[in-house]
S.K.: 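Please find one structure pasted underneath; my questions will follow.
Worth saying up front: this structure is predicted, and the values here are computed from it rather than measured.
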Amino acid sequence: LAAAQDALARDPEHPNAHINAGVAARGLGDLETARRHLEEAVHIAPSDPDAQLQLGGTLVRLHQMYAAIAAYIRAIGEAHREEGRSELLIERSVDGLAAVTPSTPLAEPLRSLCDGVRWLTTGDLGRAYQRLECARDGALDDETVRMAAEALLGHVWRHRALATPTDPNNDRNQRGGDLVHFGPLR
């Protein structure tokens, strides 16, 4: 914690210093200090998936499950933009989200969301799409989960490859789409 505090003294706007301070404070059992540092890291660098991931873990320990879910979902959404670190960050975020899932009324949509992300990371677009649709449709009363599923479905469509209308592997032909396997989420 002392090293993180020294780094913050030199540069109070450095997100990694806040992440390190938050993780150290959490390790010492000071969850409120950890939360404050990690929220500040997210404020400074909202697109940093590690800040979101660490905040999610702290919020779970504070029994703020819906806030933790939102942080894990944001971490998943940002992690696919990270070069070289995306798979680990996505895996850790999905694991955190899956750990929170049984304790919420949104268990089934969250399981579907986790499954969809896992299928995306393997590149199985058809299965990912099915599970993300289940997450979206099962979370109609929860905007955070529904919007996360919709954003990930949008990711699937933005990164789709073109398929011929008669491609038997294309399970969206009947709806006029052109969805096919495109490789792992990055």
Side-chain angles (χ1 to χ4, degrees), residues 19 26 35 38-39 41-42 45-161 169-172 174-175 177-186:
I19 292 171
R26 185 176 64 209
R35 182 188 54 76
L38 294 167
E39 285 177 345
V42 167
S47 63
D48 184 336
D50 195 40
Q52 299 284 358
L53 173 66
Q54 296 301 334
L55 178 59
T58 300
L59 293 168
V60 166
R61 288 176 179 83
L62 287 166
H63 304 286
Q64 296 176 7
M65 298 308 179
Y66 286 102
I69 289 167
Y72 284 131
I73 288 172
R74 286 189 302 272
I76 291 166
E78 295 299 333
H80 78 273
R81 294 180 182 86
E82 291 281 324
E83 290 296 323
R85 298 188 328 150
S86 65
E87 288 181 29
L88 177 62
L89 286 167
I90 289 170
E91 180 181 324
R92 290 174 59 203
S93 299
V94 170
D95 288 347
L97 185 57
V100 175
T101 296
S103 63
T104 70
L106 292 167
E108 189 54 38
L110 286 170
R111 266 193 295 276
S112 294
L113 185 72
C114 291
D115 290 346
V117 171
R118 286 186 178 115
W119 286 117
L120 276 175
T121 61
T122 67
D124 190 330
L125 208 53
R127 286 187 176 144
Y129 192 87
Q130 289 172 336
R131 298 308 292 158
L132 293 170
E133 277 188 325
C134 288
R136 180 197 61 205
D137 296 344
L140 294 177
D141 294 332
D142 188 278
E143 187 174 346
T144 301
V145 176
R146 183 180 48 77
M147 289 181 69
E150 287 176 357
L152 288 166
L153 285 165
H155 174 80
V156 169
W157 284 101
R158 281 190 305 275
H159 293 88
R160 69 189 185 268
N169 296 320
N170 185 349
D171 63 351
R172 296 290 174 235
Q174 67 275 17
R175 296 195 332 207
D178 56 2
L179 180 64
V180 296
H181 184 88
F182 73 96
L185 175 70
R186 296 273 184 246

S.K.: To the nearest 0.5 angstrom, please state how far the CD atom of E91 sits from the CG atom of L53.
M.R.: 11.0 Å

S.K.: Given side chains that start at C-beta, do those of L120 and L132 come closer than 4.5 Å, heavy atoms only?
M.R.: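 Yes, their side chains come closer than 4.5 Å.
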
S.K.: Hey, are the side chains of R92 and Q54 touching, using non-hydrogen atoms and a 4.5 Å cut-off?
M.R.: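 Of all side-chain heavy-atom pairs linking Q54 with R92, at least one is under 4.5 Å.
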
S.K.: Return each pair, listed once, that meets salt bridge (Lys or Arg N to Asp or Glu O under 4.0 Å) where at least one residue sits in residues 99-109; pairs must be two or more places apart or across chains.
M.R.: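 Passing the test, one end in residues 99-109: E108-R111, E108-R131.
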
S.K.: Return the CG to CG distance between L55 and D50, rounded to the nearest 0.5 Å.
M.R.: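 Here the interatomic distance stands at 11.0 Å.
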
S.K.: So does E39 pair up with R35, basic N to acidic O under 4.0 Å?
M.R.: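 A salt bridge links E39 with R35.
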
S.K.: Can you list the residues that meet the side chain to side chain contact (heavy atoms under 4.5 Å, CB included) rule with A51, with sequence neighbours excluded?
M.R.: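 With neighbours one apart ignored, the set is I19, A41, V42, D48.
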
S.K.: If I compare all heavy atoms of E78 with all of P46, which pair ends up nearest, and what's the gap?
M.R.: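 Reported closest heavy-atom pair: CG-O, 4.1 Å.
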
S.K.: Would you name the heavy atoms of I76 and S93 that are closest together and state the gap between them?
M.R.: CG1-CB, 3.5 Å

S.K.: What's the separation between atom CZ in R146 and atom CG in D141, rounded to the nearest 0.5 Å?
M.R.: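 Interatomic distance, R146 CZ to D141 CG, rounded to 0.5 Å: 9.5 Å.
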
S.K.: Identify the two heavy atoms, one from P109 and one from A135, that lie closest to each other, and give their separation to 0.1 Å.
M.R.: O-CB, 3.4 Å

S.K.: Heavy atoms only: give me the nearest G116-A128 pair and the separation to one decimal.
M.R.: O-CB, 3.5 Å

S.K.: Just so I know, are the side chains of L113 and L152 near enough to count as touching, which here means a heavy-atom distance under 4.5 Å?
M.R.: yes

S.K.: Would you list the atom pairs, donor with acceptor, under 3.5 Å between side chains in residues 64-73 and any protein atom, with sequence neighbours excluded?
M.R.:
unit_1 : atom_1 : unit_2 : atom_2 : d
Y72    : OH     : G57    : N      : 3.2

S.K.: Measure the CG-CZ distance between L62 and R26 for me, rounded to the nearest 0.5 Å.
M.R.: 10.0 Å

